[in-house]
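Have a look at the structure below, then the notes.
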Amino acid sequence: MDYKFYYSNNNGKDDYGLKYVDECGNGLKCTEFKVQFPPQCQCEQPGMEYLMNPRPIFDNPNYVGSGKLKDKVAIITGGDSGIGRAVAIAYVKEGAKVVLPYYNEHIDANETKEYIERLGGTCLLLAGDIKDPNFCDYVVEETIKCFGKIDILVNNAGVQFQTKSLLDISDEQFDVTMKINIYSIFYLTKRALKYMCPGASIINVSSVTTFYGEPELIDYVTSKGAIIGFTRALSTNLADKNIRVNAVAPGYFWTALQPACWEAEKIPTLGADAPMKRAGQTYEIAPLFVYLASNDSSYVTGQTMHINGGLYKG
């Protein structure tokens, strides 16, 4: 195949193994793969979806709901964009009402709300800092005030910071990563649990990086590993109450978290190490969250579901 050298912001040096790209966008990195995304980065966490190029594909127009979540009420943290947005849309298609706590991504959040309302769904946006227990109180109080119950809790919000060495991770960064990624799950789950009845479902979002140990995300991997432990222990604790607790460990998905974390030159190779040789689009993971929230998974608890294009086989 006729390849040309891939010129990057790294003065022509190989970037994470990406060496050549042909005129059709096919890249060479030990094996051939399709380059999906141009180099790009964002300066703030957790990133803005409306700034991404290309925009993520968050809805599958061929997905038709069948009432699996009819009249359910779901809280989905980080639901303004990324995986949270895709899950919210799938839940609405299945008949649920959704509450979407988010940080400061107001443009993304309002896009999501408008899209949901065009589908005929109901969406409540709540802006605030998920690592603040007072905001977690507010989320639960507003959900009960508006809808009277909580059937599904999806703990999806998170941040990650690319850092080359443990010595470069500041105490402040470690603290922020842990508080957003795991403390918030403890805070919100504890508060929501008082209103969750038998048949309810809690879904925590971990990461494939926990299982292969991404060397430049040490604090992130640590927090995502804690989520697995929390999921397993809580699932056993709540089993006799018939409240199911499971985790999802996504691989590399095209979300705002990626350009907000990685240096620009990594983005073209995102997902290239997976056997499917690409990153996932967020609509591809949403049906798994439907399954875990619905009665289809009535005998599933304490599990970690892997969806990563074959990168890790769990």
Side-chain angles (χ1 to χ4, degrees), residues 69 72 74-79 82-84 87 91 101 130-131 133 136 139-140 150-160 174-175 177-214 217-253 257 280 285-314:
L69 303 179
K72 301 287 188 183
I75 299 174
I76 307 167
T77 66
I83 289 173
V87 171
Y91 280 10
I130 198 67
K131 71 179 185 293
C136 293
V139 169
V140 170
I150 302 170
D151 301 296
I152 304 158
L153 173 60
V154 178
N155 288 305
N156 166 71
V159 295
Q160 62 181 33
F174 186 83
D175 188 55
T177 300
M178 297 300 289
K179 284 185 174 177
I180 293 175
N181 292 2
I182 181 63
Y183 279 41
S184 67
I185 293 179
F186 170 77
Y187 294 148
L188 188 56
T189 303
K190 181 180 178 181
R191 287 152 176 79
L193 192 57
K194 293 183 290 185
Y195 300 97
M196 301 184 85
C197 299
S201 175
I202 299 168
I203 307 168
N204 301 318
V205 179
S206 182
S207 171
V208 68
T209 61
T210 292
F211 296 88
Y212 75 81
E214 167 56 52
L217 296 176
I218 295 172
D219 49 346
Y220 177 78
V221 170
T222 301
S223 68
K224 291 296 181 176
I227 291 170
I228 298 298
F230 181 79
T231 298
R232 291 174 175 172
L234 188 62
S235 69
T236 305
N237 182 268
L238 296 179
D240 62 349
K241 297 179 174 61
N242 194 28
I243 296 175
R244 296 176 294 105
V245 187
N246 291 287
V248 176
Y252 288 96
F253 280 80
L257 196 62
I285 198 171
L288 177 57
F289 285 81
V290 172
Y291 168 72
L292 291 174
S294 74
N295 289 332
D296 288 349
S297 60
S298 58
Y299 195 53
V300 178
T301 196
Q303 304 304 309
T304 301
M305 304 295 187
H306 295 275
I307 179 165
N308 52 52
L311 179 62
Y312 172 84
K313 299 171 177 66

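Contact of the Ser201 side chain with the Asp151 side chain is not registered, since no non-hydrogen atoms from C-beta on lie closer than 4.5 Å. Gln160 has its side chain out of reach of Ser223: every pair of non-hydrogen atoms, C-beta onward, lies at least 4.5 Å apart. Side-chain contact check for Asn308 versus Tyr252: every heavy-atom pair is 4.5 Å or farther apart. The shortest distance between side-chain heavy atoms of Ser297 and Asn246 does not fall below 4.5 Å. Using a 4.5 Å cut-off on side-chain heavy atoms (C-beta onward), Lys194 and Val140 make no contact.
Rounded to the nearest 0.5 Å, atoms CZ (Arg244) and CG (Leu238) are 12.0 Å apart. Ile130 CD1 to Tyr183 OH: the interatomic distance, rounded to the nearest 0.5 Å, is 15.5 Å. Taking OG from Ser206 and CD1 from Ile227, the interatomic distance works out to 5.5 Å, rounded to the nearest 0.5 Å. Interatomic distance, CD1 of Ile285 versus CE of Met305, reported as 11.5 Å (0.5 Å rounding). Between the CZ atom in Phe186 and the SG atom in Cys136 there is a gap of 10.5 Å [rounded to 0.5 Å]. The distance from the OH atom of Tyr187 to the CD1 atom of Ile182 is 11.0 Å, given to the nearest 0.5 Å.
For the side chain to side chain contact (heavy atoms under 4.5 Å, CB included) test with Phe289, the passing option among Val87, Ile307, Ile152, Asn156 is Val87; the others fail. The side chain to side chain contact (heavy atoms under 4.5 Å, CB included) test with Asn204 singles out one residue from Thr304, Val248, Val245, and that residue is Val245.
Using modelled atom types, no side-chain atom of Lys131 and backbone atom of Thr177 make a donor-acceptor pair closer than 3.5 Å.
Taking the side chain to side chain contact (heavy atoms under 4.5 Å, CB included) definition, one finds that Thr189 meets it with Leu153, Asn155, Ile185, Ile202, Phe230, Leu234, sequence neighbours left out.
Closest approach of Thr209 to Ser207, counting heavy atoms only: OG1-OG, 2.8 Å. Residues Ala157 and Gly78 share a closest heavy-atom pair of CB-N, 3.9 Å. Of all heavy-atom pairs spanning Ser235 and Thr301, the tightest one is CB-OG1, 3.4 Å. For the pair Leu311 and Tyr212, the tightest heavy-atom approach, listed with the atom from each and the gap, is CD2-CE2, 4.1 Å. Summarising the geometry of Val208 relative to Gly251, their closest heavy-atom pair is CG1-CA, 3.5 Å, with the distance given to 0.1 Å. Taking every heavy atom of both residues into account, Pro250 and Ile83 meet most closely at CG-CD1, 3.9 Å.
Note: His306 and Phe211 have perpendicular aromatic rings, judged against thresholds of 30 and 60 degrees for the angle between ring planes.
Remark: Asp175 CG is packed, more than 12 non-hydrogen atoms of other residues, nucleotides or ligands lying under 6.0 Å away.
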